[in-house]
Participant: 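One structure is given below, represented as C-alpha cells, and several questions about it will come after.
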Amino acid sequence: MTIKYWLMKSEPNTYSIDDLAAQTDKTTCWEGVRNYQARNLLRDEIAVGDRVLFYHSACKQPAVVGTAVVSKAGYPDPFQFDPKSNYFDPKSDPNNPRWYLVDITLESKFDRPVTLAELRELARSGRASIKDMVLLQKGSRLSVQPVRKKEFDTILKMSRGV
DNA sequence: GCCAACGTTGGC
DNA sequence: GCCAACGTTGGC
C-alpha cells in the first residue's frame, strides 16, 4: 500500500503546531471533525504512515506550518459520547458511531510557513504542481482534505525556501 | 467585523 | 424529495 497525503486544518487559537510539539510524544488525536466528507476520509481512507500537512486556518496568516505522520488509523471519536464535551453528539449511537478520528505525530515544524497567499500567488502564476490543490478551490472548507504527492513535495520545497 | 460559500435541518 | 432557513467556516 503506497502512502497517501493529506492536509488537516486547525485553528491555532485552539490547537497550534506548537501545541502538538509540546505533547510528550508529539502525538495527538485529531478530535472534533463533524463533517461527513471528512469523516469518511478519517474512517476509511487515512492509514498509518500517511503524511499530513498541518495547516493553520482562521487566523492572521493562514499557512501550512509543518508536517505530521498518521500514527493510528480511524477509530471512533470518544468525545462524541461525552456530554461534557463541545463535540458531544447525542444522536450518535455507540453501536454505530457517527464520528471518527485518527492520531497524528509531529514530523517537522517548518522554519518558514508556506502561506495561503503564497500558494495562491504561485497558482495564479501558473505553477502546475499546485494549481489544482483542494485548498485553493473556491469555497473549499473541508477540514481534512486529500493532497497529491506533487503538491506535498512542492510545499516541502517552499518551506525550505527553494 | 463582513460576507460568500457551504452543510445541515426540518417543514411540507 | 424539495428547498428555505439557519449555522458554520474561514479568508479578507
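Worth knowing before you read on, the calculation uses all heavy atoms, side chains too, and leaves out hydrogens, waters and symmetry mates. Order of the sequence lines sets the chain letters (A, B, ...), proteins ahead of strands, with each chain counted from 1.
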Participant: Heavy-atom distance under 4.5 Å between the side chains of A/F110 and A/I155, does that happen here?
Facilitator: yes
Participant: Please state how far atom CZ in A/R98 lies from atom C1' in B/dT8, giving the value in whole angstrom units.
Facilitator: 11 Å
Participant: Can you measure A/K9 atom NZ to C/dT9 atom P for me and round it to whole angstrom units?
Facilitator: 10 Å
Participant: Would you compute the distance between atom CD1 of A/I130 and atom OG1 of A/T154 and round it to the nearest 0.5 angstrom?
Facilitator: 4.5 Å
Participant: Cationic tip of A/K150 within the cone over A/F152's six-membered ring, i.e. under 6.0 Å and within 45° of the normal?
Facilitator: no
Participant: For residues A/W99 and A/I46: do they belong to one hydrophobic cluster (side chain heavy atoms under 4.5 Å, members Ile, Leu, Val, Met, Phe, Trp, Tyr)?
Facilitator: no
Participant: Starting at CG of A/L135 and ending at C1' of C/dG10, how long is that distance when rounded to a whole Å?
Facilitator: 11 Å
Participant: Give the nucleotide from the list B/dT9, C/dG11, C/dG10 with an atom nearest to the side chain of A/K91.
Facilitator: B/dT9
Participant: Give one of base, sugar-phosphate or nothing for A/R120, where a contact means two heavy atoms less than 4.0 Å apart.
Facilitator: sugar-phosphate
Participant: Below the 4.0 Å mark, does C/dT9 have OP1 or OP2 next to a side-chain nitrogen or oxygen of A/Y55?
Facilitator: no
Participant: Can you tell me the distance, in whole Å, between the CG atom of A/L136 and the C1' atom of C/dG10?
Facilitator: 14 Å
Participant: Using whole Å, what does the distance between atom P of nucleotide B/dC3 and atom NZ of A/K138 come to?
Facilitator: 16 Å
Participant: Please report, rounded to the nearest Å, how far the P atom of B/dT9 is from the OH atom of A/Y36.
Facilitator: 6 Å
Participant: Provide, to the nearest angstrom, the distance between the CG atom belonging to A/L116 and the C1' atom belonging to C/dG11.
Facilitator: 7 Å
Participant: Rounding to an integer number of Å, can you tell me how far A/Q61 CD sits from C/dG10 C1'?
Facilitator: 15 Å
